[in-house]
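Read the numbers this way: they start at 1 and go in the same order the structure lists the ligands and their atoms. What's counted below: heavy atoms across the whole structure, side chains too, no hydrogens, waters or symmetry copies.
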Amino acid sequence: MRLKGRVSIVTGGATGLGRAVALAYAREGASVVIADIADAGAVVAEIESDGGAAIYARTDISDEQSVAAMVRGAVNRFGAVDILFNNAAVSASLELKPFEELSVAEWRHVLDVNMIGSFLCAKMVSPIMRAQKSGSIINIASGTAFKGTPFMLHYVSSKGAIISMTRVLAHELGTDDITVNAIAPGYILTEGNLGNADFLADQGDKAIAGRALKRAGYPEDLIGGAIFLASDEARFISGQILAIDGGSVYH
Ligand SMILES: NC(=O)c1ccc[n+]([C@@H]2O[C@H](COP(=O)([O-])OP(=O)(O)OC[C@H]3O[C@@H](n4cnc5c(N)ncnc54)[C@H](O)[C@@H]3O)[C@@H](O)[C@H]2O)c1
């Protein structure tokens, strides 16, 4: 129960890595607000049936009003926000293509959700965390930003921005004892990735071959780092990027 009594917001918690972390935070004693554009009722039911507390807030993280309403709802229901797991993104649904074939509309959509959306969630929880003089923000970057993985320039660039954003926010929010770190996952076998045949064919075996640990990554592999960075054990760690990828990128 390392997060007992904490209130967490997990964006993109309806599925994939966010779902695994929402369930893990609840098991560690945190209340969980699942903010997702997709229905997360099943995850809430799973948490409640295990004796935990969770709510689903339908949220489009790229929409300022929607994020503001979600954060207000979290405070109304649970009275605080201690942890933001800033995870929702457009990722598994993307088509791999050379950068010359990307349209401005595709770029804007990915940046609106992955970059501006993460910014808006941090911005909206900031007044609450500053007033509390405590809080942990965990942004989700990607190993692709270190590797320069080709054929998804918009996505990889959005994740590079998350790394920079993490370092800036660590300085700006550190004055109120709020930690800001990021996790950079390697290629993980989520439902979304398993459903993208091109992505799986391109990334699956290549990812394993490039790792120190020669196996696939699963959503559960993220849990240890996600709990640690949200816990008191990490209270003097900020501005860091934790690669969880079986030993693939070094920085
Ligand atoms: N799975 C991987 O291999 C991998 C690797 C590196 C980084 N990541 C990152 O980890 C995070 C989670 O990845 P995943 O594989 O679980 O993704 P996923 O596609 O399985 O889940 C993403 C979730 O975000 C939600 N979402 C999308 N747009 C939204 C919006 N505008 N507002 C609110 N919610 C929205 C989706 O509904 C979904 O529930 C993402 O930031 C992704 O970029 C994943």
Side-chain angles (χ1 to χ4, degrees), residues 9-24 33-44 56-71 84-96 108-121 124 137-147 149 152 154-163 165-166 182-196 199-200 202-204 206-208 210-211 216-223 225-226 241-246 248-249:
I9 293 174
V10 178
T11 69
T15 186
L17 306 184
R19 174 181 174 276
V21 169
L23 294 171
V33 176
I34 302 178
D36 202 305
I37 204 162
D39 184 16
V43 186
V44 169
Y56 165 55
R58 190 185 184 286
T59 312
D60 176 353
I61 60 160
S62 67
D63 180 302
E64 193 156 9
Q65 303 310 319
S66 179
V67 177
M70 178 274 289
V71 172
L84 169 63
F85 192 75
N86 215 357
N87 160 84
V90 183
S91 59
S93 59
L94 294 171
E95 195 188 331
L96 296 175
R108 291 217 165 108
H109 177 56
V110 167
L111 294 185
D112 269 356
V113 178
N114 298 11
M115 196 176 77
I116 309 285
S118 300
F119 151 72
L120 287 174
C121 291
M124 298 301 172
I137 297 179
I138 299 150
N139 296 322
I140 305 306
S142 165
T144 58
F146 293 104
K147 290 180 170 176
T149 305
M152 37 208 280
H154 48 353
Y155 174 82
V156 176
S157 303
S158 74
K159 294 301 183 177
I162 294 292
I163 292 170
M165 198 185 297
T166 299
I183 290 174
Y187 184 74
I188 305 289
L189 293 183
T190 54
E191 279 171 47
N193 277 348
L194 287 167
N196 184 332
F199 214 30
L200 187 58
D202 186 73
Q203 296 291 312
K206 223 189 269 176
I208 294 174
R211 285 179 182 152
Y218 299 95
E220 290 66 32
D221 289 317
L222 269 285
I223 289 173
I241 318 297
L242 177 63
I244 302 185
D245 61 3
S248 183
V249 298

When distances are taken from atom 29 (C) of ligand 1, the protein heavy atom at minimum range is I37 CG2, 3.9 Å
Would you indicate whether the side-chain heavy atoms of I9 and V71 approach each other to under 4.5 Å? yes
CG of D221 to CD1 of I188, rounded to nearest 0.5 Å, is 6.0 Å
Residue, atom and distance of the protein heavy atom nearest atom 39 (O) of ligand 1 read D36 OD2, 2.6 Å
Logged contact type for V113 with ligand 1, heavy-atom cut-off 4.0 Å, is side chain
Among non-hydrogen protein atoms, atom 22 (C) of ligand 1 lies closest to A89 O, 3.8 Å
If you scan protein heavy atoms around atom 1 (N) of ligand 1, the nearest is N193 ND2, 3.2 Å
Y155 heavy atoms within 4.0 Å reach ligand 1 at atoms 6 (C), 7 (C), 8 (N), 9 (C), 42 (C), 43 (O)
For G12, the atoms of ligand 1 under 4.0 Å from one of its heavy atoms are 23 (C), 24 (O), 25 (C), 39 (O)
A student comparing T144, I61, V67, I140 should find that the heavy atom closest to atom 9 (C) of ligand 1 comes from I140
Say whether N87 and ligand 1 are in contact under the criterion: heavy-atom distance to a ligand atom below 4.0 Å. yes
When distances are taken from atom 19 (O) of ligand 1, the protein heavy atom at minimum range is S91 OG, 3.8 Å
Could you go through the side chain to side chain contact (heavy atoms under 4.5 Å, CB included) check for Y187 and T144 one step at a time? CA-CA 9 Å; Y187 184 74; T144 58; over 6 Å; no
request  = May I ask whether A141 places a heavy atom under 4.0 Å from ligand 1?
outcome  = yes
The atoms of ligand 1 lying under 4.0 Å from a heavy atom of T15, numbered in the order shown, are 20 (O), 21 (O), 38 (C), 39 (O)
- prompt: Is I188 in polar range of ligand 1, meaning some N or O pair under 3.5 Å apart?
  reply: yes
Under 4.0 Å between heavy atoms, the region of K159 that gets near ligand 1 turns out to be side chain
To the nearest 0.5 Å, atom CG of D60 lies from atom CD1 of I37 at 4.0 Å
Honestly, for P185 the part within reach of ligand 1 (heavy atoms, under 4.0 Å) is both
Please indicate whether any nitrogen or oxygen in L17 is less than 3.5 Å from any nitrogen or oxygen in ligand 1. yes
In this structure, CD1 of I61 is separated from CG of N86 (nearest 0.5 Å) by 6.5 Å
Within the side chain of D36, is there an N or O that forms a donor-acceptor pair under 3.5 Å with the backbone of G13?
-> yes
Distance col, row I137:CD1 vs C121:SG, nearest 0.5 angstrom, shows 9.5 Å
Given the options D112, V67, T59, L120 meets side-chain contact (heavy atoms from CB on, under 4.5 Å) only with V67
Practice task
For the pair N196 (side chain) and S93 (backbone), establish whether a donor and an acceptor sit closer than 3.5 Å, ignoring hydrogens and angles.
Solution key: no
### Message
Looking only at side-chain N and O atoms, does S118 offer a donor or acceptor that is under 3.5 Å from a partner on N139?
### Response
no
Between the CD1 atom in I162 and the CD1 atom in I183, the distance rounded to the nearest 0.5 Å is 12.5 Å
One finds that the ligand 1 atoms under 4.0 Å from a non-hydrogen atom of A88 are 24 (O), 34 (N), 35 (C)
Counting heavy atoms under 4.0 Å, the part of T11 that contacts ligand 1 is neither
re atom 33 (C) of ligand 1, the protein heavy-atom contact at minimum distance is T59 O, 3.1 Å
Per-atom filter on ligand 1: closer than 4.0 angstrom to a heavy atom of Y187 are 3 (O)
Counting from 1 in the order shown, the ligand 1 atoms closer than 4.0 Å to a non-hydrogen atom of T190 are 1 (N), 15 (O), 16 (O)
For atom 5 (C) of ligand 1, the closest protein heavy atom turns out to be G186 O, 3.1 Å
min-distance protein heavy atom vs atom 31 (N) of ligand 1 -> D60 OD1, 2.9 Å
